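What you see is a predicted model, and the numbers here were worked out from it, not measured in a lab.
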Amino acid sequence: MKTRRPVRRAQPRKSSGRPGTRGVAGDAGPKPATAVAPPQAWAGAGRPRVLLVDDDATIRGLAEHHLGEAGFDVVSMSEGAGVVQRFLDLRPDAVLLDVVLPDADGFDLCRALRASPGAEHLPIVMLTSLNDAEAIRTAFDAGASEFVSKPANWVNEGYRLRYLLRAAANLRDLDGARSAIAQAEREWKLTFDAIDDAVLLLSPDLTILRANRAASRMSGRPLSAMVGRSCHEAMGCRRSITDGCPALKVVKTLAPAHVELQEYGREGRDVLLSAAPVFGDGGRLVSVVYSVKDITEFRELQKVLLHSQKMEAMGVLAAGVAHDFNNLLQGVLGWAELLSAAPPSPDELKNGLGQISDAAVRGRALTQQLLFTSRKAQGKREPVFIGPLVQEVATLVSRTQPKNIAVRADVPGDLWMVHADASHLHQALMNLVVNGAQAMPAGGSLRILAANVVLDENYGFAHPDSETGPHVMIAVSDTGTGIDKGVLSKIYDPFFTTKAPGKGTGLGLSIVFGIVRDHGGHICCYTEPGKGTTFRIYLPALKESVAPPDDRAAQHGAGEPASGEGRTVLVAEDEPLVLGLLVRLLESRSYRVVRTVNGREALDYYLAHRDEVSAFVLDMNMPVMTGEECMKELARAGCKAPVLLATGSLLTADREADLLRQARAIVPKPFHGDELLKALGRACAARPKS
């Protein structure tokens, strides 16, 4: 009969103080499974602990001796009872388990150990004298890491155990990496879905690989219905992709791109579309990050702020405008009194009337410029000649600013065109020149210069927000106080101002910056305290050419107005002074004139005398019925006579185009007599006399 050696207990080890190491609890009482620490990961240092379970004392002795010399601490058990709890108490780094025990089945113990908390990668080596294929299969099915036949070569088993410990440590590291990846994936998805802008990950052929919840909301489609579809189809842009798509530009150029669109998607919102490339190994494009930012509210607020700032600029100009108008009115009143006081000579009469006419023309120009400055921005982009715009601003400022400020405009005749909103550029220039004038309280020089320039790569390197190529440069320079270096970095910030409370909102330069950037340009500031400031605006030039304003104006013709003999013109005007002037003017050209004071009277007269009226001259703003309403009613009544609309308001391009669908011409007030007569002559030319 075999004699059993008593089980040798491993002596408690002192803690190394390093994370993941611990002392052995020996035979201390059992601990709850939920309170134990995970198994120690053996990384090739220290003495790993091995739990040996075998009923053969000789085997236990040999194992303890040889494995001890190999650097292992061996804890032995002779029975299967309590093996699982012993594992939970000691947390060994490996287990050597006999298949046949007097009180338990080794395979069952292996299954129980493998199912224990923290034993997922525990090296379990089955020891048995059985060497048949079925036993080996059963061992591995039960969760064994290795199967060793007795008698074992314990020197070799030491190497085997070290290999298994390294493999187990690697598996635990792999599990940790997988867990970290899964956590990162969860956090990334939560972050991805928390972004308020629609964000999509596209393949190089612009198929949606991933999309966040904001993209689902914007498109009105569930995420499952978006993945795998073309971006432009899923987002409801268009039936086919266009060259203006920033994602397509990224695929072609491998560079970030963005574009602003209006009335985008199902709800017709203003959006900023942005796309950026994602590169893989070797610089190969693997995907495109595409985002859609809703900027509708931002644009609406920008329009409100822009208009508010225009009103602020108008307030600054108000005193100068009043002064200029008073001078004009003084000239009109003075010459009218002189001419009526005594019969003037023909030369005096001609001179006096010329002075009055000149004052009226100057007043009209000033009124038009003020209306242009104060109207709300419409966002219409078209080819624009900068020269007349600069001259307009310079003229307005020279008339409204103190006389001790000298204003000069230098504009070459061959200035390139830009694609722009003229009202926005007018506002930006007004802001700059008013800002420059306010920097010269004691007077000085204000210069507006325009020039054609070509920005090269060296300039682009020094100014990263610029683009190379042909540009139109507009410089506004003053000889004022300059800008302190501590303030220079903040001048474009909204609501930042160095003015006293109530003297300004701090919107001027921020709106200039926004307008310039919206036009694809950039702005630079050069300043020196006490010596003045220069702002330079660079706007991309257009490649195509358009006839200059003077050439286009030639199409309206010249020469004497045609005679109106045999034609009847119905005039509707509620202002008696203007009505009397119109009647006298038209009768001087032999027109028969029917005078009315509102659109209702004009319509009633036409309905009663359909065949008499050759043309209409209608004021836009009248009581009872406006000129526009009258024109529409005349069209409903089948009237074919041409209609001319007269207005003292500044119309936007869209509004003017809408009116000209029915009106033959629009005559802005105040007008020269020849302007009205020529427009009326052209309108009546194709209509038989009645």
Next item on the list: Mind running side-chain contact (heavy atoms from CB on, under 4.5 Å) on L432 and V393 for me, showing each step along the way?
Entry: CA-CA 10 Å; L432 288 179; V393 171; over 6 Å; no
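- For the pair A451 and P412, the tightest heavy-atom approach, listed with the atom from each and the gap, is CA-CG, 4.4 Å.
- Two residues are said to be in side-chain contact when any heavy atoms from C-beta on lie closer than 4.5 Å; V597 and M622 fail this criterion.
- Here the straight-line distance linking atom CD1 of I515 with atom CG of N431 works out to 6.5 Å at 0.5 Å rounding.
- Comment: E633 engages R636 in a salt bridge, judged by a side-chain N to carboxylate O separation of less than 4.0 angstrom.
- Between A637 and R610 the shortest heavy-atom distance is O-NH1, 3.0 Å.
- The two residues A679 and V667 come nearest to each other via the heavy atoms CB-CG2, 4.4 Å.
- Of all heavy-atom pairs spanning C639 and Y606, the tightest one is CA-OH, 3.2 Å.
- The backbone N or O of E573 sits nowhere less than 3.5 Å from a side-chain atom of T596 that would complete a donor-acceptor pair.
- When atom types are taken as modelled, the side chain of D619 and the backbone of D574 share no donor-acceptor pair closer than 3.5 angstrom.
- Pairing each heavy atom of L659 with each of M620, the nearest pair is CD1-CE, 3.7 Å.
- Heavy atoms from other residues, nucleotides or ligands lying under 6.0 Å from CD of E587 number more than 12.
- Checked by atom type and distance alone, the side chain of H519 pairs as donor or acceptor with a backbone atom of D421 at under 3.5 Å.
- A heavy-atom distance below 4.5 Å is not found between the side chains of L680 and R567.
- Atom CD1 of I474 and atom CG of L415 lie 7.5 Å apart (nearest 0.5 Å).
- One distance of note links CG of L570 with CG of L618; it measures 7.5 Å at 0.5 Å rounding.
- Using a 4.5 Å cut-off on side-chain heavy atoms (C-beta onward), H258 and L272 make contact.
- Side-chain atoms of T533 and C525, non-hydrogen and from C-beta on, do get closer than 4.5 Å to each other.
- Under the 4.5 Å side-chain criterion, counting only non-hydrogen atoms from C-beta, I448 is not in contact with D410.
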Note to self: What verdict does the salt bridge (charged side-chain N to carboxylate O under 4.0 Å, His left out) test give for K669 and E575, after you've listed the backbone C-alpha separation in whole Å, the side-chain angles of each residue and the deciding distance to 0.1 Å?
What the structure shows: CA-CA 13 Å; K669 293 180 179 179; E575 174 56 52; over 6 Å; no
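- Aromatic ring pairs are classed by plane angle as parallel below 30°, tilted from 30° to 60° and perpendicular above 60°; the pair H522 and Y538 is parallel.
- Judged purely by atom type and a 3.5 angstrom limit, R408 has no side-chain atom pairing as donor or acceptor with the backbone of S445.
- With values rounded to the nearest 0.5 angstrom, T568 atom OG1 is found 11.0 Å from D611 atom CG.
- Here the CG atom belonging to D478 is positioned 11.0 Å from the CD atom belonging to Q438, to the nearest 0.5 angstrom.
- Inter-residue side-chain proximity for L582 and L676 is flagged as met; some heavy-atom pair is nearer than 4.5 Å.
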Note to self: Could you walk me through whether V613 and V594 satisfy the side-chain contact (heavy atoms from CB on, under 4.5 Å) test, starting with their C-alpha distance in whole Å, then the side-chain angles of each, then the deciding distance to 0.1 Å, before giving a yes or no?
What the structure shows: CA-CA 9 Å; V613 182; V594 177; 5.9 Å; no
Margin query: Pair L577, L581 - check side-chain contact (heavy atoms from CB on, under 4.5 Å), show working.
Written below: CA-CA 6 Å; L577 179 63; L581 174 64; over 6 Å; no
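- When all heavy atoms of L603 and C630 are compared, the closest pair comes out as N-SG, 4.2 Å.
- Looking at L449, V433, L429, T395 one by one, the single match for side-chain contact (heavy atoms from CB on, under 4.5 Å) with V390 turns out to be L429.
- Crowding of N621 atom CG: a count of heavy atoms from other residues, nucleotides or ligands under 6.0 Å not exceeding 12.
- The CZ atom of R217 sits 11.0 Å away from atom CG of D294, with the distance rounded to the nearest 0.5 Å.
- Put simply, the residue from L585, L586, V583 that forms a side-chain contact (heavy atoms from CB on, under 4.5 Å) with V571 is L586.
- Looking at heavy atoms from C-beta onward, R592 lies in side-chain contact with E612 at the 4.5 angstrom threshold.
- Under a 3.5 Å cut-off, the side chain of H609 and the backbone N or O of Y605 do form a donor-acceptor pair.
- Under the 4.5 Å side-chain criterion, counting only non-hydrogen atoms from C-beta, L425 is in contact with L539.
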